[in-house]
A.B. asks: 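Below you will find the structure I want to go over with you.
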Amino acid sequence: MKRLFLFAMVTLLSVLTMNAQQYYGRVQDSDGYTNIRRGPGTNYAIVRQYNSGDYLYYTPQKNGWSKVYSAKNANSFMGYMSTSRIVKVNPNSGYDGDAFLSGVITDPTDSYVNVRRGPGTNYAISSRLDVGARIYYVRTGTGWVKVYDRGKNYLGYVAASRIR
């Protein structure tokens, strides 16, 4: 009997997990940030805040809330956020529907700038761009921009102050 119960519970958990579609998204809130809560509702404690422009993984729930996970690790559960504060993003293209802007790489001290895997110096360097290189970019609201080559292929992140 215990084996049958255990089998039924594992099967149910597998079905529930498979039906939970996870998406990649960007926080968008006119206040500049949104709260992540311990549970799906404003009556739950705030466990942290995410800034507008931050990226994360999320699983929408039926009640207008989403389970949210770290952008660095899709398995790292953070808490719950109102689904209305999340804009779905295609993580493979790097482009999330904002208008492309064009610019030129600039740096007052070096002949190149580092392109990073995420919006910050704590992310690994994926490549470099020479000063004077023409690029396309998308603002993220974080002090960093997503950069694309002239063919609009996603490259990574560069500090916004290095674009003119």
Side-chain angles (χ1 to χ4, degrees), residues 11-103 105 113-127 129 134-163:
T11 303
L12 178 62
L13 184 60
S14 296
V15 169
L16 291 174
T17 303
M18 289 183 340
N19 289 335
Q21 178 67 42
Q22 193 173 64
Y23 300 99
Y24 190 63
R26 178 174 41 91
V27 176
Q28 183 172 316
D29 193 305
S30 60
D31 293 334
Y33 70 92
T34 194
N35 296 321
I36 296 179
R37 297 185 175 270
R38 192 171 309 279
T42 56
N43 55 323
Y44 288 92
I46 297 169
V47 293
R48 67 181 304 163
Q49 292 179 333
Y50 262 37
N51 293 322
S52 284
D54 287 348
Y55 290 84
L56 47 73
Y57 287 95
Y58 68 102
T59 303
Q61 306 297 293
K62 293 181 180 178
N63 58 4
W65 288 81
S66 288
K67 289 183 176 182
V68 294
Y69 306 82
S70 167
K72 294 179 185 177
N73 180 354
N75 295 319
S76 179
F77 178 68
M78 308 296 283
Y80 292 83
M81 179 186 294
S82 173
T83 306
S84 67
R85 305 292 195 268
I86 304 170
V87 176
K88 186 177 176 183
V89 174
N90 180 348
N92 297 320
S93 71
Y95 175 63
D96 59 14
D98 294 327
F100 279 114
L101 301 169
S102 63
I105 298 294
V113 296
N114 292 323
V115 178
R116 298 195 175 262
R117 295 189 189 274
T121 56
N122 55 323
Y123 289 89
I125 297 169
S126 59
S127 64
L129 287 170
R134 294 193 172 280
I135 50 91
Y136 290 100
Y137 66 98
V138 175
R139 291 188 181 113
T140 65
T142 63
W144 290 78
V145 296
K146 286 183 174 183
V147 293
Y148 303 80
D149 65 17
R150 296 182 85 187
K152 296 186 180 173
N153 298 303
Y154 174 69
L155 300 173
Y157 289 81
V158 169
S161 61
R162 303 295 186 242
I163 310 288

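Quantities reported herein were computed from a predicted structural model and do not represent experimental measurements.
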A.B. asks: With heavy-atom distances below 4.5 Å as the criterion, would you say the side chains of Y57 and N75 are in contact?
C.D. replies: no
A.B. asks: Any side-chain heavy atom of S126 within less than 4.5 Å of one from R117?
C.D. replies: yes
A.B. asks: Given ring-ring contact (aromatic ring centres under 6.0 Å, His included), test Y55 with Y24 step by step and report yes or no.
C.D. replies: CA-CA 7 Å; Y55 290 84; Y24 190 63; 5.7 Å; yes
A.B. asks: Atom CG of L101 and atom CD1 of I135: how far apart are they, to the nearest 0.5 Å?
C.D. replies: 9.0 Å
A.B. asks: Would you indicate whether Y136, at its atom OH, is surrounded by more than 12 heavy atoms from other residues, nucleotides or ligands within a distance under 6.0 Å?
C.D. replies: no
A.B. asks: Quick one, M81 and L56 - any side-chain contact, counting heavy atoms below 4.5 Å?
C.D. replies: yes
A.B. asks: Just say parallel, tilted or perpendicular for the rings of Y58 and Y23, cut-offs at 30° and 60°.
C.D. replies: tilted
A.B. asks: To the nearest 0.5 Å, what is the distance between CD1 on I86 and OG1 on T34?
C.D. replies: 8.0 Å
A.B. asks: How close do W144 and T121 get, heavy atom to heavy atom, and via which atoms?
C.D. replies: CZ2-N, 3.7 Å
A.B. asks: Are the side chains of I36 and I46 in contact, using a 4.5 Å heavy-atom criterion?
C.D. replies: no
A.B. asks: Measuring from S70:OG to F77:CZ, what's the distance to the nearest 0.5 Å?
C.D. replies: 12.5 Å
A.B. asks: In this structure, is the centre-to-centre distance between the rings of Y157 and Y123 below 6.0 Å?
C.D. replies: no
A.B. asks: Determine, stepwise, if the pair V145 / V138 fulfils side chain to side chain contact (heavy atoms under 4.5 Å, CB included).
C.D. replies: CA-CA 6 Å; V145 296; V138 175; over 6 Å; no
A.B. asks: Do Y80 and R38 come within less than 4.5 Å of each other through their side chains, counting heavy atoms only?
C.D. replies: no
A.B. asks: Could you check if a side-chain atom of R48 sits within less than 4.5 angstrom of a side-chain atom of M78, using non-hydrogen atoms only?
C.D. replies: yes
A.B. asks: For a 4.5 angstrom cut-off between non-hydrogen side-chain atoms, does V147 reach V115?
C.D. replies: yes
